[in-house]
Amino acid sequence: MLTSAPRGTNDFLPGEVEKWQYLEKVIREICSQYGYGEIRTPIFEHTELFHRGVGDTTDIVEKEMYTFEDRGERSLTLRPEGTASTVRAFIQHKVYAQPQPTKLFYIGPMFRYDRPQAGRYRQFHQFGIEVFGSNDPAVDAEVIVMALDFYDRLGLTDLEVHINSVGCPKCRLDHRKTLQEHLRPKMAELCSLCQSRFERNPMRVLDCKNPKCQELTVEAPTTTKCLCPECLEHFEAVKKYLDSIGIKYVVNERLVRGLDYYTNTAFEIVARDIGAQSSIGGGGRYNGLIEQCGGQPTPGIGWAMGLERILLTMEKQGCKFPEAPPFDVFVATIGDVAKDAAFQLLAKLRKAGLAAEKDYLGRSLKAQMKYADKFKAGFTVIIGEDELNRGVVMVRNMAGGSQEEVALDKVLEYLKEKR
RNA sequence: GUGGCUGUAGUCAAGAGGUCAAGACACAGGAUUGUGGCUCCUGCACUCGGGGGUUCGAAUCCCCUCAGCCACCCCA
């Protein structure tokens with residue numbers, strides 16, 4: 001208990017963490033190219049923000065939040081997703097007063113109380129983007145393109161983009177009515193969960209995985225059937241933009257994303273080969289959210305990706321990660337008198353920008369050599385008593401096994417040249 | 001929240017009621033007293049996730065608990 005991390009959380013140690021750093025590097029590169037600035041918001045927020053911003057009927061709010069009371073009796077919640085906080089900050093800091101649209105990205109941990117599974121953890125990490133202030137379908141297309149560009153840069157293949165439109169509140173109301181009418185006669189046959197969805201959020205019945213429910217809804221009106229002219233036009237424009245640069249996608253009329261705030265475009269990117277939790281990214285437009293959270297009516301769109309799932313997919317697909325840079329030099333010593341010289345040389349080498357290391361466990365020369373080998377040191381500098389008296393050291397090239405004497409005060413220059 | 005599988009050293013893992021709990025890798029040390037990568041030798045679990053029970057005796061059987069994995073729900 002004391003010696004294991006809480007359920008569903010992970011430690012990332014050296015060897016693993018370099019992969020995360022690489023991901024973060026690619027993220028920062030692509031974001032700067034697409035004009036996104038980074039935003040860092042608190043890990044916890046007022047619980048109310050998520051009730052408003054995520055939606056009371058969502059699974060996240062109903063059963064997955066880490067909610068606690070602080071010593072001032074405020075109800076706080078570890079953020080389960082990033083959009084609500086970003087919207088909150090946008091309003092709080094009056095970012096809408098800046099030139100629009102606002103394009104922001106974030107990377108960081110999110111928390112959901114759920115049973116851990118392949119690609120799902122209680123603390124997981126998301127990279128997400130949000131665009132506030134434009135309802136241009138070109139933005140919808142651009143964020144999808146950017147997501148795919150990102151996966152492409154990582155070397156991921158065989159991904160599917162599913163897109164759909166759930167329309168504006170007007171279309172949704174329309175759709176809700178039509179759908180309820182369609183479902184009403186079949187109520188008794190629906191699964192118990194869908195029966196409860198009927199009143200609260202009938203749209204969700206459409207993506208129920210229960211085979212019986214799927215069968216009963218084959219003929220059910222999908223969201224796109226009920227779009228108003230403007231929403232239909234918007235959806236068509238998004239698809240046209242994607243077509244115009246050759247982006248392949250699947251229109252999935254049953255794609256109804258779980259969060260209440262989505263309007264119009266909804267999309268999801270799926271990786272076939274990482275198990276049941278195959279969605280590696282998803283998002284959509286949320287034109288009502290900013291107003292819902294207390295701001296001026298402002299259109300918005302965004303997506304989020306699960307970094308654990310991306311890493312999982314990269315490993316499954318054998319994607320390449322950059323190699324760790326080789327270690328420059330190991331300083332080995334013989335006898336106590338060499339220790340001071342080694343300490344000073346080490347400081348000098350490092351200050352000059354070389355990666356340098358020595359032994360701190362009093363190992364024999366033989367053991368130091370083995371240790372140097374494990375470090376994959378390019379060179380080993382051996383400082384012995386005899387050499388020290390003559391003001392020289394032995395420099396061994398670990399790859400070839402050749403070695404030569406070099407004056408102690410010339411070692412740095414020698415190594416810099418040979419490296 | 002529900003279901004299935006699993007839990008032996010840092011890692012992989014044998015072991016299926018009764019000698020000191022195999023082995024491999026890793027790690028540490030060493031092979032004529034100052035030199036790595038190959039080879040060889042030596043060391044490394046009073047203990048089998050934790051707790052309780054059955055038994056003369058349990059890593060091996062039972063119960064509880066925790067954790068991991070997988071699936072459902074849902075989502076990243």
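Residue numbers begin at 1 in each chain, while the letters A, B, ... track the order of the sequences.
- C44(B) and G10(B): their C1' atoms are spaced 11 Å apart (whole Å).
- Scanning both residues, Ala304(A) and Tyr106(A), for their nearest heavy atoms gives CB-OH, 3.8 Å.
- The CG atom of Asp114(A) sits 11 Å away from the C1' atom of C72(B) (whole-angstrom rounding).
- Counting non-hydrogen atoms of neighbouring residues, nucleotides and ligands closer than 6.0 angstrom, the NZ atom of Lys416(A) reaches no more than 12 such neighbours.
- Separating the CG atom of Leu78(A) from the P atom of A76(B) is a distance of 17 Å, rounded to the nearest angstrom.
- Counting any heavy atom pair closer than 4.0 Å across all strands shown, Tyr121(A) reaches a base atom.
- The closest side-chain donor-acceptor pair between Thr83(A) and Glu130(A) falls under 3.5 angstrom.
- Paired with His175(A) under the rule side chain to side chain contact (heavy atoms under 4.5 Å, CB included), one option of Thr223(A), Leu227(A), Thr224(A) passes, and it is Thr223(A).
- Summarising the geometry, the separation between CG on Asp59(A) and P on U2(B) is reported as 16 Å, rounded to the nearest angstrom.
- Using modelled atom types, one finds no donor on one side chain facing an acceptor on the other under 3.5 Å when comparing Tyr241(A) with Glu142(A).
- A straight line from CZ of Arg122(A) to P of C69(B) spans 11 Å, rounded to a whole angstrom.
- Of the possible polar contacts, one joining the Arg309(A) side chain to the Ser279(A) backbone as a donor-acceptor pair under 3.5 Å is found.
- Checking Ser85(A) against Glu45(A) by side-chain atom types alone, a donor-acceptor pair falls below 3.5 Å.
- Nucleotide U54(B): unpaired (no Watson-Crick or G-U wobble partner with both distances less than 3.5 Å).
- Nucleic acid contact class of Arg363(A) (heavy atoms, under 4.0 Å, all strands): sugar-phosphate only.
- Pair assignment for C75(B): none, as no Watson-Crick or G-U wobble contacts are both less than 3.5 Å.
- Residue Gln117(A) places at least one side-chain N or O closer than 4.0 Å to OP1 or OP2 of A71(B).
- Taking the C1' atoms as reference points, U11(B) lies 14 Å from A45(B), given to the whole Å.
- Within the 4.0 angstrom heavy-atom criterion, no nucleotide atom of any strand lies near Ala332(A).
- Atom CE in Met65(A) sits about 17 Å away from atom C1' in A76(B), given to the nearest Å.
- Looking at His182(A) and Gln180(A), their side chains never bring a donor and an acceptor atom within 3.5 Å of each other.
- Residue contacts for Glu308(A): at a heavy-atom cut-off of 4.0 Å it reaches no nucleic acid atom on any strand shown.
- Residue Trp20(A) contributes atom CH2, which lies 11 Å from atom C1' of A76(B) at whole-angstrom precision.
- Nucleic acid contact for Gly8(A): sugar-phosphate only, since backbone atoms but no base atoms lie under 4.0 Å from a heavy atom of the residue.
- Using a 4.0 Å heavy-atom criterion, one finds that Gly335(A) contacts no nucleic acid atom at all.
- Taking only side-chain nitrogens and oxygens, Ser364(A) never comes nearer than 4.0 Å to OP1 or OP2 of G34(B).
- For Gln368(A) against U35(B), no side-chain N or O and base N or O form a donor-acceptor pair under 3.5 Å.
- Tested against His234(A), the residues Thr263(A), Asp136(A), Asp140(A) include a single side-chain hydrogen bond (donor to acceptor under 3.5 Å, both in side chains) partner, Asp140(A).
- In a base pair of the Watson-Crick type (N1 to N3 plus N6-O4 or O6-N4) or a G-U wobble (N1-O2 and O6-N3), with each distance short of 3.5 Å, A67(B) is matched with U6(B).
- A donor-acceptor contact under 3.5 Å links the side chain of Arg115(A) to the base of G3(B).
- Looking at heavy-atom distances under 4.0 Å, Arg7(A) makes contact with sugar-phosphate atoms alone, never a base.
- The nucleotide whose nearest atom lies closest to any side-chain atom of Glu387(A) is, among G36(B), G34(B), G68(B), G34(B).
- Judged by distance alone, with hydrogens and angles left aside, the side-chain atoms of Gln368(A) form a donor-acceptor pair with the main-chain N or O of Arg363(A) at under 3.5 Å.
- The residue among Ala118(A) and Gln277(A) whose nearest nucleotide of RNA chain B lies closer to the 5′ end is Ala118(A).
- In this structure, Gly128(A) reaches neither bases nor backbone, as no heavy-atom distance under 4.0 Å exists between it and the strands shown.
- Two residues, Asn10(A) and Ser402(A), neighbour RNA chain B, and the one matched to the more 5' nucleotide by heavy-atom proximity is Ser402(A).
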Any N/O pairs under 3.5 Å between the protein and nucleotides 9-13 of chain B? List them or say none.
none

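- Here Ala399(A) lies in heavy-atom contact (under 4.0 Å) with a base.
- The interatomic distance linking Arg120(A) (CZ) with A71(B) (C1') rounds to 10 Å, in whole Å.
- Both distances falling under 3.5 Å, in either a Watson-Crick or a G-U wobble arrangement, occur for no nucleotide opposite A14(B).
- Using Watson-Crick or G-U wobble geometry with both donor-acceptor distances under 3.5 Å, A59(B) finds no partner in any strand shown.
- Between Arg79(A) and Glu81(A) there is no salt bridge, since none of the side-chain N atoms of the basic residue sits less than 4.0 Å from a carboxylate O of the acidic one.
- Spacing between atom CG of Leu311(A) and atom C1' of A76(B) amounts to 13 Å, rounded to whole angstrom units.
- Residues from residues 23-31 of chain A placing a heavy atom under 4.0 Å of any atom in RNA chain B do not occur.
- Here U35(B) sits opposite no nucleotide as a Watson-Crick or G-U wobble pair (both hydrogen-bonding atom distances under 3.5 Å).
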key: ring pair (Phe, Tyr, Trp, His ring centres under 6.0 Å) between Phe105(A) and Tyr34(A), worked out   = CA-CA 10 Å; Phe105(A) 81 94; Tyr34(A) 279 77; over 10 Å; no

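- Side-chain proximity of Arg112(A) to the nucleotides G34(B), G30(B), C75(B) is greatest for C75(B).
- For Ser165(A) and Thr265(A), the side-chain atoms include no donor-acceptor pair closer than 3.5 Å.
- If you check residues 371-386 of chain A against RNA chain B, the residues with a heavy atom closer than 4.0 Å are Asp373(A), Lys374(A), Ile382(A), Asp386(A), listed by number.
- The heavy-atom pair separating Gly401(A) from Arg396(A) by the smallest distance is O-NH1, 3.4 Å.
- For Arg285(A) and Asn287(A), the side-chain atoms include at least one donor-acceptor pair closer than 3.5 Å.
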